[in-house]
Asker: 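If you scroll down you'll find the structure; I have some questions about it.
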Amino acid sequence: ELSEEMYRARLTQLQNSVDALMFVIEDTNLQRIVGVGTLLIEHKFIHSAGRCGHIEDIVVDTSQRGRGLGKKMVTHLNEVARRTGCYKAILNC
């Protein structure tokens, strides 16, 4: 189980990371987060010391499923990976 202290420590670590990018989808009518996704940037020696993006932790609120939000999140994270110089992005399930 994740304690409050562990949660806050990990959140601070992620907020300070340039290689772990977290995105949210907010329903402004409901004023709450309904989707999340993470892009992790891996630095490689191959591909001229290139970068590889790992798309992970795609979650959509059960009440919002079927609206294509997960697909939109994956598309957005793939575009962010491309813009940050990743030669590929992998969807890790």
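The first residue in the sequence is number 1, and the count goes up from there. Quantities reported herein were computed from a predicted structural model and do not represent experimental measurements.
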Asker: Taking salt bridge (Lys or Arg N to Asp or Glu O under 4.0 Å) as the test, write out the residues that go with R82, two or more places apart.
Answerer: E79

Asker: Search all heavy atoms of V80 against all heavy atoms of L21 and return the closest pair with its distance.
Answerer: CG1-CD1, 4.1 Å

Asker: Same hydrophobic cluster for M22 and I25, using side-chain heavy-atom links shorter than 4.5 Å among ILVMFWY?
Answerer: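 No, it is not one cluster - the side chains of M22 and I25 are not joined through contacts under 4.5 Å.
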
Asker: Can you list everything that forms a side chain to side chain donor-acceptor pair (under 3.5 Å) with E4? Sequence neighbours excluded, please.
Answerer: R8

Asker: Using the side chain to side chain contact (heavy atoms under 4.5 Å, CB included) rule, take E26 and V34 through it: C-alpha gap first, then chi angles, then the decisive distance, then the call.
Answerer: CA-CA 6 Å; E26 179 185 11; V34 296; over 6 Å; no

Asker: Kindly write out the residues that satisfy side-chain contact (heavy atoms from CB on, under 4.5 Å) with V59, not counting sequence neighbours, or none if the list is empty.
Answerer: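 Here the qualifying residues are V36.
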
Asker: Can you list the residues that meet the side chain to side chain donor-acceptor pair (under 3.5 Å) rule with Q15, with sequence neighbours excluded?
Answerer: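 Residues passing side chain to side chain donor-acceptor pair (under 3.5 Å) with Q15: none at all.
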
Asker: Applying side-chain contact (heavy atoms from CB on, under 4.5 Å), name anything that partners R65, two or more places apart in sequence or on another chain.
Answerer: V60, T62

Asker: Please list all pairs passing the ring-ring contact (aromatic ring centres under 6.0 Å, His included) test where one or both residues lie in residues 1-25, with sequence neighbours left out.
Answerer: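 Applying ring-ring contact (aromatic ring centres under 6.0 Å, His included) to every pair that reaches into residues 1-25, excluding sequence neighbours, yields F23-H76.
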
Asker: Quick check: does any side chain N or O of N16 sit under 3.5 Å from a backbone N or O of T12, one acting as donor and the other as acceptor?
Answerer: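 Between the backbone of T12 and the side chain of N16 there is a qualifying donor-acceptor contact (under 3.5 Å).
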
Asker: Please identify each residue that fulfils side-chain contact (heavy atoms from CB on, under 4.5 Å) with S3, with sequence neighbours left out.
Answerer: E5, M6

Asker: Report the residues that fulfil side-chain contact (heavy atoms from CB on, under 4.5 Å) with A20, sequence neighbours left out, ordered by chain and then residue number.
Answerer: L14, S17, L40

Asker: Determine which pairs satisfy salt bridge (Lys or Arg N to Asp or Glu O under 4.0 Å) with at least one residue from residues 36-53, sequence neighbours left out, and list them in order.
Answerer: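 For residues 36-53, and leaving out neighbouring residues, the salt bridge (Lys or Arg N to Asp or Glu O under 4.0 Å) pairs sorted by first residue read E42-K44.
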
Asker: With a 3.5 Å cut-off and sequence neighbours excluded, list the donor-acceptor pairs that the side chains of residues 86-93 form with protein atoms.
Answerer:
unit_1: N92; atom_1: ND2; unit_2: H54; atom_2: ND1; d: 3.1
unit_1: N92; atom_1: ND2; unit_2: E56; atom_2: OE2; d: 3.0

Asker: Write out all pairs satisfying salt bridge (Lys or Arg N to Asp or Glu O under 4.0 Å) with one or both partners inside residues 13-25, taking only residues at least two apart or from two chains.
Answerer: none

Asker: Roughly how far apart are M73 CE and T38 OG1, rounded to 0.5 Å?
Answerer: 8.5 Å

Asker: Compare every heavy atom of I55 with every heavy atom of L77, then report the nearest pair and how far apart it is.
Answerer: CD1-CG2, 3.6 Å

Asker: With sequence neighbours excluded, tell me which residues meet side chain to side chain donor-acceptor pair (under 3.5 Å) with S63.
Answerer: R32, D61

